[in-house]
Each structure stands twice: as C-alpha cells, then as structure tokens.
Amino acid sequence: MFRLWVKEIKDNHLIMDTTISDSSSETRTHKIFSSLEKACSEFDITVPIWLDKNIHEFKSVSKTRFNKDSFIESIEFDYLEIQILEED
C-alpha cells in the first residue's frame, strides 16, 4: 500500500490535511503525481509545479514543501507539504 500525506500550513498551523492511499500497480512516480492531484482536487487548489528544489528534496527524504513559487494562482496558505507515509 502506498500512502501520501498532504498538508496545507499557514502561520505554522495545520489548516487542512488528507492522506491518499493507492494500491494500484503503477510506478512510484505515477502514484505520487496521482495522489497529489487527488489531494489538490479535494483542497480545491491547483496542482503545484515541481521545481528543482522540490525534486531534489523529495528524492532525498520523501518529503517536500511547495510554496507560493510553485503555484500559478495565489494561495491562501504558506505552503503545501507532501510526505510519503508508506510504500509498497
């Protein structure tokens, strides 16, 4: 089972969070993108753009933060954080 935890943070407080589970046979990358897309749809926000910083950080520790630079539209929170909780 693959589980991704997605959190909206503002002023160091958790505003919203969700855990997306995926038991499909897709690749890890597909599961991450699909789960992030589902969470963003649930939060009613656009899917963030992966910057080099996010890619490097996520490869290193399976966790990254998307700040306002990663979003096309303005956001009402400080950053969106994703973290892998469980992998197959």
Side-chain angles (χ1 to χ4, degrees):
M1 176 68 73
F2 173 88
R3 290 184 10 203
L4 185 74
W5 188 17
V6 184
K7 304 178 273 187
E8 276 187 13
I9 308 292
K10 182 170 182 152
D11 298 326
N12 291 323
H13 294 292
L14 179 66
I15 305 299
M16 279 181 140
D17 76 319
T18 188
T19 303
I20 306 295
S21 300
D22 188 340
S23 59
S24 70
S25 60
E26 292 290 331
T27 64
R28 178 181 192 254
T29 304
H30 283 105
K31 288 179 181 182
I32 293 165
F33 289 148
S34 174
S35 297
L36 180 58
E37 195 173 301
K38 288 176 187 173
C40 289
S41 176
E42 189 176 312
F43 293 169
D44 196 27
I45 59 172
T46 60
V47 178
I49 298 166
W50 287 78
L51 303 175
D52 289 339
K53 168 197 148 307
N54 300 111
I55 294 167
H56 176 71
E57 188 176 53
F58 199 78
K59 283 181 180 179
S60 299
V61 293
S62 298
K63 178 179 178 178
T64 192
R65 292 178 177 179
F66 298 99
N67 60 24
K68 65 180 179 180
D69 295 337
S70 296
F71 291 90
I72 295 172
E73 299 175 353
S74 64
I75 57 174
E76 297 180 14
F77 49 91
D78 294 332
Y79 60 87
L80 183 75
E81 182 175 281
I82 64 171
Q83 178 180 359
I84 292 180
L85 296 178
E86 183 180 350
E87 285 192 80
D88 301 316

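All values below were derived from every heavy atom in this structure, side-chain atoms included, with hydrogens, water molecules and symmetry-related copies excluded.
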query = After noting the C-alpha distance and the side-chain angles of Ile20 and Asp22, does the key distance pass the side chain to side chain contact (heavy atoms under 4.5 Å, CB included) rule?
reply = CA-CA 7 Å; Ile20 306 295; Asp22 188 340; 5.6 Å; no

Which atom pair, heavy atoms only, marks the closest approach of [X] to [Y]?
X: Trp5; Y: Thr18; answer: CD1-O, 3.3 Å
X: Thr27; Y: His30; answer: OG1-ND1, 2.7 Å
X: Asp78; Y: Asn12; answer: OD2-N, 4.4 Å
X: Thr19; Y: Arg3; answer: CG2-NE, 3.9 Å
X: Trp50; Y: Ile32; answer: CZ2-CG2, 3.9 Å

Are [Y] and [X] linked, directly or through intermediate hydrophobic residues, by side-chain heavy-atom contacts shorter than 4.5 Å (ILVMFWY only)?
X: Leu36; Y: Ile75; result: yes
X: Ile49; Y: Val6; result: no
X: Phe43; Y: Ile9; result: no

Give, for atom [atom1] of [X] and atom [atom2] of [Y], the distance between the pair rounded to the nearest 0.5 Å.
X: Ile82; Y: Arg65; atom1: CD1; atom2: CZ; answer: 12.5 Å
X: Leu14; Y: Glu81; atom1: CG; atom2: CD; answer: 9.5 Å
X: Leu51; Y: His56; atom1: CG; atom2: NE2; answer: 14.0 Å
X: Ser21; Y: Lys38; atom1: OG; atom2: NZ; answer: 9.0 Å
X: Lys63; Y: Phe58; atom1: NZ; atom2: CZ; answer: 11.5 Å
X: Thr64; Y: Leu80; atom1: OG1; atom2: CG; answer: 9.5 Å

May I ask you to decide if [Y]'s main-chain N or O and [X]'s side chain share a donor-acceptor pair within less than 3.5 Å?
X: Lys31; Y: Ser24; value: yes
X: Lys10; Y: Glu76; value: yes
X: Asn67; Y: Asp69; value: yes

ask   = Quick one: do the Glu73 and Thr46 side chains pair a donor with an acceptor below 3.5 Å?
value = no

query = Counting only heavy atoms not in Glu57, do more than 12 sit closer than 6.0 Å to its CD atom?
reply = yes

task = Before giving the answer on side chain to side chain contact (heavy atoms under 4.5 Å, CB included), spell out for Ser70 and Lys53 the whole-Å C-alpha distance, their side-chain angles and the decisive distance to 0.1 Å.
result = CA-CA 10 Å; Ser70 296; Lys53 168 197 148 307; over 6 Å; no

inquiry  = Determine whether the aromatic ring centres of residues Phe71 and Phe77 are separated by less than 6.0 angstrom.
reply    = yes

